[in-house]
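Below is one structure, written out as structure tokens; comments come after it.
Here the structure is a predicted model, which means the values were calculated and not measured. Convention: sequence-line order gives letters A, B, ...; per-chain numbering from 1.
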Amino acid sequence: MAPVEAQMRVLMSGTEFGDADTARTMERELVERLEEDRPLRIYCGYDPTSVDLHLGHTLTMRKLRQFQDFGHEVTFLIGNFTGLVGDPSDKNHERPMLTPEQLAENATTYTQQAFRVLDGESTTVRYNADWLGRLGFADVLRLCSKFTVAQFLKRENFARRYERGDAIHLNEFMYALMQAYDALHLDTDVQVGGTDQLFNLMAGRTLQQDAGKRPQVVLTLPILVGTDGHARMSKSTGNTIGIDDSPSDIYGKVMSLPDSAIVDYFTLVTPLAPDEVDAVRTALDGGTLRPMEAKKRLAWEVTASLYSAEEAAAAQAYFESTIQRRETPEEMPEHPLDGRAALTRVLTEAGLATSNGEVRRLVAQGAVALNGEPVEDFTIEVAPGDEIRVGRHRFLRLVEDAR
RNA sequence: GCAGGGGUGGGAGAGUGGCUAAUUCCAGCGGACUGUAAAUCCGCCGCCUUACGGCUACGCAGGUUCGAAUCCUGCCCCCUGCACCA
């Protein structure tokens, strides 16, 4: 196995803990385990309620992958039991009760997407319903007895809501218990999670210690900001970069990040080694690397890591041509047309505008071009062979309807 | 069940009889500027209509009124607390 120091440098990169003490403890304990010079067992749990993974979800996967690359064993845990129970206290937050079929389906797409980052060959997939579903009430009570209400209320999340008089449901406490029990059951060396999961991960340590086992090492990763550069990346904010987005979309969206996010993105969502990231940071600080060049490299890396070097290169070429030089791309979405038709109809049908009124607006604002010429009258007709540009980078080529 | 608080455009949140297609903010879109962005500035931002204009909209259904998101009646739903829980 690689030298412990080399591993530590990579494995600790990007991690973020609530406080310095925790960080030191985890660092020390991880070193201890690595020094045993054996494949460690790592896991991270995923909630299969949502299907569309975005870059924010990949941070932990990236971390798991780093472990894999050093020859450690990764367990990809699907929290299907949690999804089965749902979260009645959180009705409007996409935590519905899912049927076993839905869950199974989600789990499948989930792992498929995850394996874009993970090495599927050496990943063990497990489902927590396999053990959580077998616990009896007495077992649950026993688990409950290991924690106190005060411990839970100390959590900022709960404390604030309790102060405000908001509802805190008992099952919200149970989620931490379930996660903690997962850790106890899996008996792995390290658990990875987001910083928002720190409490739950630490609860796992509590149970393990209580059971006379060595508590797991806990590694937490920060929350990734979205394309706006500020808010947490999430679907509801609409600032996501989806794993299943096209290479060009991914590339373009990464390019739209503000400069402030560059280094964090390099660290958290690319396979670059810490030394390489440091080199980028230094070059940026020293002014020898222009932010845009750094970002193009970033966009390339992110795209390539989810697709391939070829597709990343193509996405980059498209970006340089279409966005930077404002050229008309070779390839553009095509829209079949049977003879001439009103511009309004074509644009709404093609989804480039949601209503005729919007077409009018776009034209009035000079956002629509037909074959390179700005359109001034929204009542014009278009015909197969025409190329339409809407805004900066939306194109449409009209083709003869091949019926 | 009791008490209180709510349901307004993608979100937040004003508005308590006409001046409101509905203040404002966020998001979104377009333009300018750029390094693609971000920041900033300008414009747009319900639907139909070349236009005039029309239509639909403030939980649902009725009603009062010349006129209602705004008043009345009934209903539905949500939130919080209390009560109940063989």
**Prompt:** Is it true that the side chains of Thr111(A) and Tyr46(A) contain a donor and an acceptor less than 3.5 Å apart?
**Reply:** no
**Request:** Can you establish whether the number of heavy atoms outside Glu376(A) located under 6.0 Å from its atom CD is more than 12?
**Result:** no
**Message:** Is it the case that the base of G43(B) and the side chain of Gln365(A) share a donor-acceptor contact (distance under 3.5 Å, atom types as modelled)?
**Reply:** yes
**Request:** Pick the C1' atom in A57(B) and in G7(B), then give their distance to the nearest Å.
**Result:** 15 Å
**Request:** Answer with yes or no whether Arg326(A) presents, from its side chain, a donor or acceptor under 3.5 Å of a partner atom in the base of U36(B).
**Result:** no
**Request:** Give the intermediate values and the outcome of ring-ring contact (aromatic ring centres under 6.0 Å, His included) for residues Phe199(A) and Phe152(A).
**Result:** CA-CA 9 Å; Phe199(A) 180 88; Phe152(A) 280 81; 5.1 Å; yes
**Message:** I need the residues from residues 339-350 of chain A with at least one non-hydrogen atom less than 4.0 Å from RNA chain B; give them sorted by number, or say none.
**Reply:** none
**Where at least one partner belongs to residues 139-149 of chain A, residue pairs that pass side-chain hydrogen bond (donor to acceptor under 3.5 Å, both in side chains), sequence neighbours excluded** = Asp139(A)-Arg142(A), Lys146(A)-Asp210(A)
**Asked** Any cation-pi pair here, Arg41(A) with Phe67(A), using under 6.0 Å and within 45°?
**Response** no
**Asked** Among residues 283-292 of chain A, which contact RNA chain B at a heavy-atom distance under 4.0 Å?
**Response** Pro291(A), Met292(A)
**Message:** Does a side-chain N or O of Ser355(A) approach OP1 or OP2 of C47(B) to a distance below 4.0 Å, or not?
**Reply:** yes
**Request:** Rounded to whole angstrom, note down the P distance from U16(B) over to C72(B).
**Result:** 14 Å
**Request:** State the pairing partner of U56(B); accept Watson-Crick or G-U wobble contacts with both distances under 3.5 Å, and report none otherwise.
**Result:** none
**Charged N-O contact under 4.0 Å between Glu301(A) and Arg297(A)** = yes
